[in-house]
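What follows is a short report on a single structure.
Naming convention: chains lettered A, B, ... in sequence-line order (proteins, then strands); numbering from 1 in each chain.
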There are 2 protein chains.
Amino acid sequence: MAKGPVGALDVIDTANSPREGIMDAAMHLFGKQGYSGTSMRDIASAVGVLPGSLYAHIASKEMLLVDIVADGISRFLAAVQPIAASDADPAARMRAMIVAHVVVVADNPERSQVVFHQWRFLGEGNVQAAIAKRQEYEQAFITVMGEGIRTGAFRADLNLRIAVFTILGALNWSPEWLSPGGKLLPEVVGGLIADTLLTGICA
Amino acid sequence: MAKGPVGALDVIDTANSPREGIMDAAMHLFGKQGYSGTSMRDIASAVGVLPGSLYAHIASKEMLLVDIVADGISRFLAAVQPIAASDADPAARMRAMIVAHVVVVADNPERSQVVFHQWRFLGEGNVQAAIAKRQEYEQAFITVMGEGIRTGAFRADLNLRIAVFTILGALNWSPEWLSPGGKLLPEVVGGLIADTLLTGICA
DNA sequence: CCTACCGATCGGTAGG
DNA sequence: CCTACCGATCGGTAGG
């Protein structure tokens with residue numbers, strides 16, 4: 001793959017094409033300022049190009065959001081679905097799914113914020129596709145939770161739907177406070193969140 | 001308080017002044033479309049007035065957000081702080097705080113979304129004030145959690161900071177799925193979330 | 001990727 | 001609360 005010696009700049013500039021550079025800048029800006037709060041001029045100046053030049057590489061502002069959201073959800077699905085489908089016991093699977101989710105969030109909190117909040121700004125057809133993929137993701141948690149309740153691994157007296165929303169809520173809120181450069185590794189933070197959710201806060 | 005017979009329209013139109021009507025429309029639009037995604041023209045047409053007419057009642061778009069966020073946070077503080085300061089045992093207090101939070105969210109999910117997400121669009125000084133009030137709110141949970149760990153009511157092996165973020169995350173995500181007209185009363189939903197968080201999902 | 005520009009919409013104001 | 005309007009900024013395009 002490498003075309004020659006790897007330069008020091010490769011560490012900083014991860015974009016391999018103009019399009020990737022634009023996507024990356026848009027992702028960070030959409031995550032921090034929101035889709036409506038970000039102008040094409042913001043993106044252009046982050047990339048170091050004049051606004052009109054963006055359209056040589058992308059079709060529209062919305063297509064930028066479409067791609068960022070679709071790619072983002074795919075990362076969560078790719079990390080969590082194999083665990084949900086494994087044959088470990090439900091508690092071990094749920095724990096690993098929680099950790100995997102936190103690792104994906106910590107890898108790029110801004111992208112996660114776009115996935116969690118900015119999909120609302122997609123138009124008609126695109127928003128439906130995003131919702132369908134999000135539901136597919138939620139389904140992985142619902143399935144494992146249901147299996148755990150049936151096998152007796154999880155408490156039978158709790159509401160499945162509400163328990164899953166409680167877990168996903170705690171996870172989806174994590175980009176608000178997770179710092180990628182923090183003292184604790186994402187895997188450790190994920191493990192501590194899983195502890196809290198699996199065994200509760202009561203002694 | 002009543003100036004005469006109560007008319008049927010009072011049920012629908014709760015605004016007692018033009019300013020309250022504007023605040024109410026802005027609250028719902030900011031919650032659904034975001035601050036940047038809502039124009040003064042959107043608000044004006046929701047109120048049934050021309051855009052320029054709004055400025056007879058409000059100073060600016062940002063002052064609208066300032067007031068909605070400040071009022072919103074105050075409602076959460078007013079509901080939760082008295083419980084945090086009561087002399088019940090930590091587990092009972094934490095449970096009641098969770099239920100109270102969910103009741104406030106369910107009372108008006110759009111206002112809650114503004115409080116949770118749109119405060120970022122406040123300018124310099126106003127954003128600092130909002131963050132301070134939010135931290136005051138988090139402090140109530142941190143205090144009760146710390147007390148519960150010290151007295152042995154809560155598990156000593158979990159990370160206080162992360163446990164609180166897990167709880168607040170689950171709660172702050174609730175406007176995404178709570179439906180005010182749902183089958184379960186907000187108090188019941190809050191109780192089920194509290195069950196999940198206090199005792200965990202494992203049997 | 002730049003120059004130069006389009007029509008539409010933005011938050012907000014003066015004067016009545 | 002309306003009429004009429006301001007300068008600024010928006011997403012996007014034609015032509016090179």
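In this structure, Tyr55(B) reaches the dG12(C) phosphate: one of its side-chain N or O atoms is under 4.0 Å from OP1 or OP2. Taking side-chain N and O atoms only, Ser39(A) has no distance below 4.0 Å to OP1 or OP2 of dT9(D).
As a whole-Å value, the separation of Leu65(B) CG from dG11(C) C1' is 15 Å. Residue Leu54(A) contributes atom CG, which lies 16 Å from atom P of dA14(D) at whole-angstrom precision. The CD atom of Glu62(A) sits 9 Å away from the P atom of dG12(D) (whole-angstrom rounding). Nucleotide dG11(D) holds its C1' atom 8 Å from the NZ atom of Lys61(A), rounded to whole Å. The separation between His57(B) atom NE2 and dC2(D) atom C1' is 12 Å, rounded to whole Å.
In terms of position on DNA chain D, the residue among Asp42(A) and Gly52(A) whose nearest nucleotide sits closer to the 5' end is Asp42(A).
Note: Trp173(A) CH2 to Trp177(A) CH2 = 12.0 Å, rounded to the nearest 0.5 Å.
Under the 3.5 Å distance criterion, the side-chain polar atoms of Tyr35(B) are matched with a main-chain donor or acceptor of Glu62(B). Without hydrogens or angle criteria, Ser174(B) side chain to Ala170(B) main chain gives no donor-acceptor distance under 3.5 Å.
Among the protein residues, Thr38(A) comes within range of the sugar-phosphate backbone only, with heavy atoms under 4.0 Å from sugar or phosphate atoms but none that close to a base.
With no hydrogens or angles considered, no side-chain donor-acceptor pair links Lys32(A) and Thr38(A) at under 3.5 Å.
Taking a pair to require two hydrogen-bonding distances under 3.5 Å in either a Watson-Crick or a G-U wobble arrangement, dG16(C) pairs with dC1(D).
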